[in-house]
Number of protein chains: 2
Amino acid sequence: MEADLITIGDEILIGQIVDTNSAWMAQQLNDEGINVHQITSISDQPEHIISTLNESGKKASLVLVTGGLGPTKDDRTKSALCTFFGTQLIENKEVLEHINQLLIPRGIAINTLNREQAHVPATAIILPNKLGTAPGLLFNHEGTIFVFMPGVPFEMKYLMENEVLPRIKKLFNTSTIIHRTVLTQGLPESILAERIDDWEDSLPECISLAYLPSPESMRLRLSARGDDKEYLSNLLEQNIKELTEIIPGYIFGYEDDTMAGNIGKILKEKGLTVSVAESCTGGNIAHFFTLNPGSSEYFKGGVVAYSNEIKVKLLGIDPQLIAENGAVSKEVVEAMAVAVRQLLQTDYAIATSGIAGPGGGIPEKPVGTVWIAAADSDSVVSKTFNFGNNRKRNIIRSSQTALNMLRLQLLKK
Amino acid sequence: MEADLITIGDEILIGQIVDTNSAWMAQQLNDEGINVHQITSISDQPEHIISTLNESGKKASLVLVTGGLGPTKDDRTKSALCTFFGTQLIENKEVLEHINQLLIPRGIAINTLNREQAHVPATAIILPNKLGTAPGLLFNHEGTIFVFMPGVPFEMKYLMENEVLPRIKKLFNTSTIIHRTVLTQGLPESILAERIDDWEDSLPECISLAYLPSPESMRLRLSARGDDKEYLSNLLEQNIKELTEIIPGYIFGYEDDTMAGNIGKILKEKGLTVSVAESCTGGNIAHFFTLNPGSSEYFKGGVVAYSNEIKVKLLGIDPQLIAENGAVSKEVVEAMAVAVRQLLQTDYAIATSGIAGPGGGIPEKPVGTVWIAAADSDSVVSKTFNFGNNRKRNIIRSSQTALNMLRLQLLKK
């Protein structure tokens, strides 16, 4: 069976917001073995909404729509739905009561805009939205299931997980697609492709491979299609095991793992702690650690030593060392890692110093040059990299590479 | 005139990656007065590519396609293009030479995969891609312009800015749409809508308004359509001026401004500096500052005091103060701001302490409770908030709110 995803809203067509909802929904549907045939973004003009629903309804058994349900005036979806499904809006008492309950603790009084959200098409099945004022709407129309959800990502996700997916599982009987994603760090796409060429060629026909590059990592996605879930699952495991033997040090995780999250798990397991001294990454490594729930168990904190003055003052780096070698140097970055480890009394520490750009480059140290060090109780290792001249990418790559150095050091022990 | 955007790649349909390219491209086209009619994501199956090109070609004068051009084996686009445009692949000497030039400094030897990227459809106009190995391709086919670009965002952007948009400007004669975006912080959507209700109702017919919520800010986008660019531009300015008078303190910027970037501009202009002491935001405020080029001029650094031990040790917070009030308290967060300002000798400082979740909440201080303080030479102000129970959103909202407190303090002076 096939599903279509539709997002409604001029804000996507004019590029004001990025459609992150469709990717997430597609992932969920895939996990249920439902193939997404097409993702379409359209304007919030009633006629555009109606014609697109009509087209999708013809080819898909399931149509999931987001956007156009919110408290403000730019929402025209509900009236278009009434036209398409041949019904009209009525006030729903439960929805109104829920809106009240939601706004009271936040100290917000109900107003006309909020009250109008309790008006729903009469023939819709209401999907309660615990996290927001606009409920989800489900229609069974001429053999196709249509679901409408608000465009706010966390509300949509709540509705998908608690209302939509459980219903889909019951309604449809589907074949199986399984995906596994292997996360690598440290090899550019073309080099990685060359290294795993033989392995890739020997993959069974039912498994397909895709390279998904991002500043955070190079992901390899394996997709297996067939009928027997257990067989496919074992086949994927077997092939991933073989891959691991070809590029062992470069794989840092699987699926939605993050580098910092996985390091956190290792540290937690071993009862170890870490601290950071960040210059060019400017707090981003600390941020990557602290995005993970429970990170306080292993991440004690750090110093964002953005100016040389702070490197000297807080970390006690010898000003002479900076004067002689420059802040972006092996000597300084190693001293930073050693110093922050001692200062914060952690088992491990990582430090960064580099030129994130766009300014600040010199011929011997062009923009993108980064020194990274990782220290433990009896050693400090450091390495230099060039991550190119885009500031944001540079910061992310530096952070991930620093974390990976720590990971490799941890695994050695 | 209308444009269609197409993204090619199973990775979007299975939700492995989010399509950020389309939003950016749509924005650029809109600025040229080109309306995006539809954004469609399709698989990399040749027949799906060909049928979609065919359909888009029928209705749009311009079709921009991304994805499917990269060094690895999952790319089938080029052979589909040859079928659709009735041509064949030939090796292009300039492209091959460019690939060589690009890989040498990175120490990567050319291999078969890279070499194949120099094979291009014979009838295509080649758009040189300075930043990557895959060139852009342009076809003028039966009255429609088709452009194909790699899916890697920075390569696509480079091609759009340097090759595609300049050509589009010459080729098409278009009417005008102008967008202005007003960035607000501190008012929930429904409250904001109520406050600006009269203003919204009095907007001229040619201006439309959209509310675009995100954890970073609540954006208001005004779009003006018509023929006279200068007239529309003035009209937008006039209406934004009126809006500013209704919600003065809540507007922190316009268009692609960021809160941290705008604060940076104020600090730089006044020759002032700032530091941070972050507990629950875990380095994210420092990260927001240091994302901006030139931030070293005003951002000296900070302490990520994630554990109480670090609050005591590095910032010199009285352990008694923490024991009596808890780390998430007015007393502690104010002491943190004052301490880091003195320690790093900056003009301003901000501090955060809160419960980002999902664990750690208690009845008096549930998950989401955050204390934020901003200090200058003669005062420290603090405030408490509840930003809900999603950890990532909580961190972003806390960071933005802390920055906004600093901004308001700066504006008072």
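All heavy atoms count here, side chains included; hydrogens, waters and symmetry mates do not. Throughout, a chain's letter reflects where its sequence line sits, starting with A, and its residues are numbered from 1.
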Heavy-atom pair count under 4.5 Å with chain A, highest-scoring of [options]:
options	answer
B:Leu131, B:Val303, B:Leu291	B:Leu291
B:Gly301, B:Pro293, B:Pro358	B:Pro293
B:Gln345, B:His48, B:Met25	B:His48
B:His179, B:Arg393, B:Arg219	B:Arg393
B:Ser295, B:Gly302, B:Ala286	B:Gly302

Region of [X] in contact with chain B, defined by heavy-atom distances below 4.5 Å:
X	result
A:Ile17	both
A:Asn284	both
A:His37	both
A:Leu192	neither
A:Ser279	neither

Which bit of [X] is near chain A, if near means a heavy-atom gap under 4.5 Å: side chain, backbone, both or neither?
X	value
B:Lys300	both
B:Ile14	both
B:Ile395	side chain
B:Leu29	neither
B:Gln38	both
B:Glu278	neither
B:Ser214	neither
B:Asn386	neither

Among the options [options], pick out the one with the most heavy-atom pairs lying under 4.5 Å from chain B.
options	value
A:Lys392, A:Lys311, A:Glu309, A:Gln28	A:Glu309
A:Leu5, A:Asn292, A:Asn394	A:Asn292
A:Gly388, A:Ala356, A:Ser223, A:Ser296	A:Ser296

Worksheet entry | Trace of the side chain to side chain contact (heavy atoms under 4.5 Å, CB included) decision for B:Val304 with A:Val276 | CA-CA 9 Å; B:Val304 181; A:Val276 295; 5.8 Å; no
Can you see which heavy atom on [X] is nearest to which on [Y], and at what distance?
X	Y	value
B:Tyr306	A:Phe299	CD2-O, 3.6 Å
B:Leu343	A:Leu314	CG-CD1, 3.7 Å
A:Ala26	B:Leu13	CB-O, 2.9 Å

Discussion item. If you apply the rule side chain to side chain contact (heavy atoms under 4.5 Å, CB included), what do you find for B:Ile42 with A:Ile39, and how did you get there?
Written reply: CA-CA 7 Å; B:Ile42 59 166; A:Ile39 302 172; over 6 Å; no
Practice prompt. Take atom CZ of B:Arg115 as the centre, draw a 6.0 Å sphere, and report whether it contains more than 12 heavy atoms from other residues, nucleotides or ligands.
Written response: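 No, because the 6.0 Å sphere around CZ of B:Arg115 holds 12 heavy atoms or fewer from other groups.
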Worksheet item: Counting heavy atoms not belonging to A:Gln27, are there more than 12 under 6.0 Å from its CD?
Response: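 Above 12, so yes.
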Fill in: With sequence neighbours excluded, residues passing salt bridge (Lys or Arg N to Asp or Glu O under 4.0 Å) with B:Arg391
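Partners of B:Arg391 under the salt bridge (Lys or Arg N to Asp or Glu O under 4.0 Å) test: none.
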Worksheet entry | Straight-line distance of B:Ser22 OG to A:Ile12 CD1, nearest 0.5 Å | 10.0 Å
Worksheet entry | Spacing of B:Thr290 atom OG1 and A:His287 atom NE2 [to the nearest 0.5 Å] | 10.5 Å
Discussion item. Could you tell me if A:Thr181 and B:Gln16 have a donor-acceptor pair between their side chains, going purely by distance under 3.5 Å?
Written reply: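 Short answer, yes.
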Item to complete: For B:Lys313 and A:Leu344, run side chain to side chain contact (heavy atoms under 4.5 Å, CB included): C-alpha distance rounded to whole Å, both residues' side-chain angles, the deciding distance at 0.1 Å, then the answer.
Response: CA-CA 8 Å; B:Lys313 196 160 178 211; A:Leu344 273 68; over 6 Å; no
Worksheet item: Quick one: does B:Asp19's side chain get under 4.5 Å of A:Val18's, heavy atoms only?
Response: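 Answer no - side chains too far apart.
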